[in-house]
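Atoms within a ligand are numbered from 1 in the order they appear, just like the ligands themselves.
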Amino acid sequence: MSDATSPRTARLSVPGREPVELPILESTMGPGVIDVRGLYSATGLFTYDPGYTSTASCQSKITFIDGEKGILLHRGYRIEDLAEKCSYLEVCYLLLRGELPTRAQLDEFVHHITYHTMVHEQISYLFRGFRRDSHPMAVMIGVVGALSAFYYEDLDVDDPHQRMIVTHRLIAKVPTIAAMAYKYSVGQPFMYPRNDLDYASNFLHMMFAVPCEPYKVNPVMARALDKILILHADHEQNASTSTVRLVGSTGASPYAAIAAGIAALWGPAHGGANEAVLNMLKQIGSVSNIKSFLEKVKDKDSNTRLMGFGHRVYKNYDPRAAVLKKSADEVLAELGKKHNPLLEIAKELEKIALEDEYFVKRKLFPNVDFYSGIILEALGIPTRMFTAIFAMARTVGWIAQWNEMIEDPQQKIGRPRQLYVGERERPFVPIEARG
Ligand code: ACO
């Protein structure tokens, strides 16, 4: 989308005013947008859009979603191709730089990430302040936010070189912090990162190795995790990404902005759904209970949702869920866990839901969280770490979008308007006179 106004305009009639011509900005793919920036000065009115269901908050070149067709592109490349043919760090490079790397560019990028994986030793003491049973996402919000105390002085977000270092640090250190959160919860010593391992293998090592015996990373597990990371790397202006952009728009520390993104991701309506899906599948317990569970979901008074189903943008099958469904079968077979009762329940649940009028009418399909938990569990990852792994994967998306925002001359501090429906101005009442 360019800044130039296109020949298309939208005409708005407001009672008592001359009709207003609003420019329409054209996209390269997908719907254009009506540029309402001049609306208030022309009409004295704002727009009303709770949940931003119709509002574009920025222009972006990173990710494109066609929710009706179930298409997801990063920098123009299909997610299915990226998940099949790339490594996670290759996708990180693509998201950040706009092009797939050459071999030499990838090697250099991997080197930069690898040599930022350790955290300041002082960080390890921060963990002691948390209860052992703290949720890893709570710990991550705190510890990633605390990076802003370690890298604050002299940080100039307008300097591209400094932004690049911030970017490398975050992609490298968030997995270390996530693994430390897990180790702390089980009372095991923190494992330092190993720079001879690839990104996913290093994370598995930091999660599962102990100092007293050798740990050999299973390459099937590493590849499965790498694929999950790719599938979660970015998803345009979702709740957590918009949070990162909003916090970043104030000029705040990028480490604090990413911590805010982690907080937004934690909610069960967003990234917390992967944990909720697994708990739901366990609660259903067997295929024979699916029908009664779905009746509960359809009963609005029960306040029960089919977790891992539905999406604000996708009104078709989430292409990431399709990749993960296939991957779940492959990974479980390779790990010798072919007969997985949770996978059986999930597949049957999907089959019945996709034929049920309630879900068909509302265009509710499986989203990325529906199958990811089953794979993560097969890798031995505890349920409470699922969203932490999502946060780890999404860090690159957040930081790519943050960089894009800083470089965009049109971006301003994020500051929505409101429709005020409270009291009109009234005289103050002294406490003695209040009845
Ligand atoms: N189960 C049952 N009903 C649902 C579900 C669901 N999972 N999702 C939506 N609906 C129903 C709503 O009750 C509503 O019905 P109504 O029209 O009769 O009132 C209708 O479908 C539209 O739902 P909204 O909540 O208005 O849709 P919205 O776009 O605001 O929400 C969301 C999208 C939050 C993802 C929702 O589908 C949901 O809660 N899903 C379950 C949680 C989940 O899986 N979240 C992960 C999303 S992917 C991600 O963030 C990584």
Task: Verdict with supporting geometry, K325 and E350, side chain to side chain contact (heavy atoms under 4.5 Å, CB included) - done: CA-CA 11 Å; K325 185 179 179 182; E350 178 195 322; 3.2 Å; yes
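R362 NE, 3.9 Å is the protein heavy atom nearest to atom 17 (O) of ligand 1. Among all non-hydrogen protein atoms, the one lying nearest atom 40 (N) of ligand 1 is F309 O, 2.9 Å. Atom 48 (S) of ligand 1 has as its closest protein heavy atom H311 CD2, 3.6 Å. Nearest protein heavy-atom neighbour of atom 35 (C) of ligand 1: G310 O, 3.6 Å. With hydrogens left out, the protein atom closest to atom 50 (O) of ligand 1 is H270 ND1, 2.9 Å, a heavy atom. Of all protein heavy atoms, the one closest to atom 45 (N) of ligand 1 is A269 O, 3.2 Å.
Between H235 and Y314, the distance separating the two ring centers is shorter than 6.0 angstrom.
Between K315 and ligand 1, no N or O atom pair is found at a separation short of 3.5 Å.
Between D408 and K61, no side-chain nitrogen of the basic residue sits less than 4.0 Å from a carboxylate oxygen of the acidic one, so the salt-bridge criterion is not met. In summary, K282 and E377 engage in a salt bridge, as defined by a charged side-chain N under 4.0 Å from a carboxylate O. The existence of a salt bridge linking D299 and K296 is excluded, since no basic side-chain nitrogen approaches an acidic carboxylate oxygen closer than 4.0 Å.
Set against the non-hydrogen atoms of V297, the atoms of ligand 1 under 4.0 Å away are 1 (N), 2 (C). Applying the 4.0 Å criterion to heavy atoms of G308 picks out, from ligand 1, the atoms 43 (C), 44 (O). Distances below 4.0 Å separate heavy atoms of D369 from the following atoms of ligand 1: 46 (C), 48 (S), 49 (C), 51 (C). Which parts of ligand 1 touch A273 is read off a 4.0 Å heavy-atom cut-off, strictly below it: atoms 43 (C), 44 (O), 45 (N), 46 (C). Atoms of ligand 1 found under 4.0 Å from any heavy atom of Y358 (numbered from 1 in listed order, with element): 2 (C), 3 (N), 4 (C), 11 (C), 13 (O). Residue contact check: F390 has heavy atoms under 4.0 Å from atoms 51 (C) of ligand 1.
Of all heavy-atom pairs between M180 and F127, the closest is CB-CZ, 3.4 Å. Nearest heavy atom pair, residue H232 against residue S372, reads CE1-CB, 4.1 Å. In terms of heavy-atom proximity, I284 sits nearest to N289 at O-ND2, 2.7 Å.
There is a protein heavy atom less than 4.0 angstrom from atom 13 (O) of ligand 1. Counting only heavy atoms, the protein never gets under 4.0 Å from atom 27 (O) of ligand 1.
Of the N and O atoms on the side chains of T383 and N279, not one donor lies less than 3.5 Å from an acceptor on the other residue. In the model, T241 has no side-chain atom that pairs as donor or acceptor with a side-chain atom of Q401 under 3.5 Å. When only modelled atom types and interatomic distance are considered, T167 and N403 share a side-chain donor-acceptor pair under 3.5 Å.
Comparing L364, T53, L265, L306 against atom 10 (N) of ligand 1, the shortest heavy-atom distance belongs to L364. In this structure, of H235, M307, H232, R305, the residue bringing a heavy atom nearest to atom 39 (O) of ligand 1 is R305.
Both the backbone and the side chain of R312 come within contact range of ligand 1, each with a heavy atom under 4.0 Å. Here D318 has no heavy atoms under 4.0 Å from ligand 1, in either its backbone or its side chain.
Using a non-hydrogen distance threshold of 4.0 Å, F370 does not register as a contact of ligand 1. Note on ligand 1: K300 sits in its first shell, one or more heavy atoms being nearer than 4.0 Å.
Relative ring orientation between Y93 and F109 is described as perpendicular, the plane-to-plane angle rising above 60° on a 0-90° scale split at 30° and 60°.
A 6.0 Å sphere centred on OH of Y358 holds more than 12 heavy atoms belonging to other residues, nucleotides or ligands.
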